[in-house]
Q: 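Sharing a structure, written as structure tokens. Questions coming.
Just so you know, these numbers use all the heavy atoms, side chains as well, and skip hydrogens, waters and symmetry mates. To find a chain, count down the sequence lines: A is the first, B the second, and so on, and within it residues start at 1.
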There are 2 protein chains.
Amino acid sequence: MDAQLKRGLLDSCVLAAIRNKDSYGYQIIKDLKPYTELSESTLYTILKRLESAGMLTVRSAEHNGRLRKYYRITGAGTDRLREFREEWSEISAIAEFIIRECENDDKAGIS
Amino acid sequence: MDAQLKRGLLDSCVLAAIRNKDSYGYQIIKDLKPYTELSESTLYTILKRLESAGMLTVRSAEHNGRLRKYYRITGAGTDRLREFREEWSEISAIAEFIIRECENDDKAGIS
DNA sequence: ACGATATACATCGTAATACGAGGTATTATA
DNA sequence: TATAATACCTCGTATTACGATGTATATCGT
């Protein structure tokens with residue numbers, strides 16, 4: 001898929017993934033796989049960014065001798081998710097305009 | 001609005017704007033204003049990009065002593081619009097996942 | 001007559017970000 | 001005993017939306 005279309009979407013996507021339960025990198029990737037496959041380099045960049053922006057907090061924990069970093073969403077993070085919902089209605093309106101143009105073709109029978 | 005969310009959307013948006021009739025820069029901006037306000041610098045970058053990619057052709061014409069460059073969509077351009085429609089259903093699925101998480105809050109009555 | 005606004009094009013630099021390539025280390029599985 | 005899975009990380013690059021800025025003509029109000 002065109003990576004550009006996902007711009008700005010993934011931050012909120014990661015926030016949504018930790019919305020109801022704290023989670024860690026590897027788990028987030030698995031949870032999001034049905035929706036979008038994001039690479040580790042992409043995810044860790046996003047997690048760093050979200051942490052810097054105060055959207056989530058981090059806690060290190062040991063699990064079977066391996067390090068795990070659990071991420072928890074903050075109030076600012078949930079606010080951001082709400083903002084996303086509003087912005088998305090604007091984005092949808094743009095996309096619907098584009099798709100409407102495609103459908104005009106279909107109705108007119110143009111291949 | 002977050003500029004990142006518009007990434008990749010604007011190319012298709014401009015193609016949609018010239019889908020049914022040839023148009024020129026200034027007119028495209030006016031036509032798209034109800035959906036999204038894009039600056040001239042943004043538009044001309046996009047038009048150049050789409051031309052290089054063979055998505056549209058350009059024709060110069062004089063109008064009241066002023067230069068106008070009319071843009072016409074190509075077959076590759078209409079193909080691109082169809083591709084967009086397919087990609088958008090994937091993007092929508094991601095957005096719906098995010099929004100679903102927001103709505104869980106609302107149902108639970110969490111502020 | 002003259003300034004403001006609209007029309008119409010263009011370039012340059014910057015910030016943001018998705019991702020590939022590569023790295024480290026442990027545990028489980030075939 | 002390899003191979004995969006788990007689990008973290010950094011660096012560089014390509015893409016692109018946009019602000020700032022520039023050029024030039026037409027139109028409109030006062």
Q: Please tabulate, one pair per line, each protein N/O and nucleotide N/O from nucleotides 1-5 of chain C that are separated by under 3.5 Å, including the distance.
A:
none

Q: At their closest point, which heavy atom of B:I99 faces which heavy atom of A:W88, and how far apart are they?
A: CD1-CD1, 3.9 Å
Q: Taking only distance into account, with no hydrogens and no angle test, what donor-acceptor pairs under 3.5 Å do side-chain atoms of residues 58-66 of chain B form with protein atoms, sequence neighbours excluded?
A:
residue, atom, partner, partner atom, Å
B:H63, NE2, B:R68, NH2, 3.2

Q: If I take atom CD1 in residue A:I46 and atom P in nucleotide C:dT17, what distance separates them, rounded to the nearest angstrom?
A: 9 Å
Q: Distances for protein N/O vs nucleotides 26-29 of chain C N/O pairs under 3.5 angstrom?
A:
residue, atom, partner, partner atom, Å
C:dT26, O2, A:R66, NH1, 2.8
C:dT27, O4', A:R66, NH1, 3.0

Q: Can you tell me the distance, in whole Å, between the CD1 atom of B:I91 and the P atom of C:dA18?
A: 11 Å
Q: By the rule that ILVMFWY residues connect when side-chain heavy atoms come within less than 4.5 angstrom, directly or transitively, which residues belong alongside B:L67?
A: none
Q: Measure from OH on A:Y24 to C1' on D:dC8 and round the result to the nearest Å.
A: 12 Å
Q: Distance check needed: D:dT15 P versus B:R49 CZ, whole Å only.
A: 10 Å
Q: Would you state whether a donor and an acceptor, one from the side chain of B:R7 and one from the base of D:dT15, lie under 3.5 Å apart?
A: yes
Q: Work out which heavy atom in B:I98 is nearest to a heavy atom in A:L81; give both atom names and the distance.
A: CG2-CD2, 3.6 Å
Q: Do you know which two heavy atoms are closest between A:L15 and A:R80, and how far apart they sit?
A: CD1-CG, 3.7 Å
Q: D:dT16, C:dT7, C:dA18: which one has an atom nearest the side-chain heavy atoms of B:K30?
A: C:dT7
Q: In whole angstrom, what separates A:M1's CE from C:dA18's P?
A: 12 Å
Q: From CZ of A:R68 over to C1' of C:dT24, roughly how many Å is that when rounded to an integer?
A: 18 Å
Q: Filter on salt bridge (Lys or Arg N to Asp or Glu O under 4.0 Å), then keep only pairs touching residues 43-58 of chain A, sequence neighbours left out; what's left?
A: A:D11-A:R49
Q: Measure across A:E37 and A:K6 and return the closest heavy-atom pair with its distance rounded to 0.1 Å.
A: O-NZ, 3.9 Å
Q: By a strict heavy-atom criterion of less than 4.0 Å, which residues belonging to residues 33-44 of chain A are in contact with DNA chain C?
A: A:S39, A:S41, A:T42
Q: Under 4.5 Å between side-chain heavy atoms, hopping through other hydrophobics if needed: is there a path connecting A:I28 to A:Y70?
A: no
Q: Among C:dT7, D:dT16, C:dC9, find the nucleotide with the atom closest to the side chain of B:K69.
A: C:dC9
Q: Just checking, any donor-acceptor pair under 3.5 angstrom between side chains of B:T42 and B:S39?
A: yes
Q: In whole angstrom, give the distance that lies between atom CD1 of A:I28 and atom P of D:dC8.
A: 8 Å
Q: Of A:T45 and B:L9, whose nearest nucleotide on DNA chain D comes first from the 5' end?
A: A:T45
Q: What about B:L50 and B:Y24, same hydrophobic cluster or not, with Ile/Leu/Val/Met/Phe/Trp/Tyr joined at side-chain heavy-atom distances under 4.5 Å?
A: no
Q: What are the two closest non-hydrogen atoms of B:L9 and A:A95, and how far apart are they?
A: CD1-CB, 4.5 Å
Q: In whole angstrom, give the distance that lies between atom OH of B:Y26 and atom C1' of C:dA10.
A: 14 Å
Q: Indicate if B:L32 and B:Y26 have the same hydrophobic cluster label, given that clusters are the connected sets of ILVMFWY residues with side-chain heavy-atom separations under 4.5 angstrom.
A: no
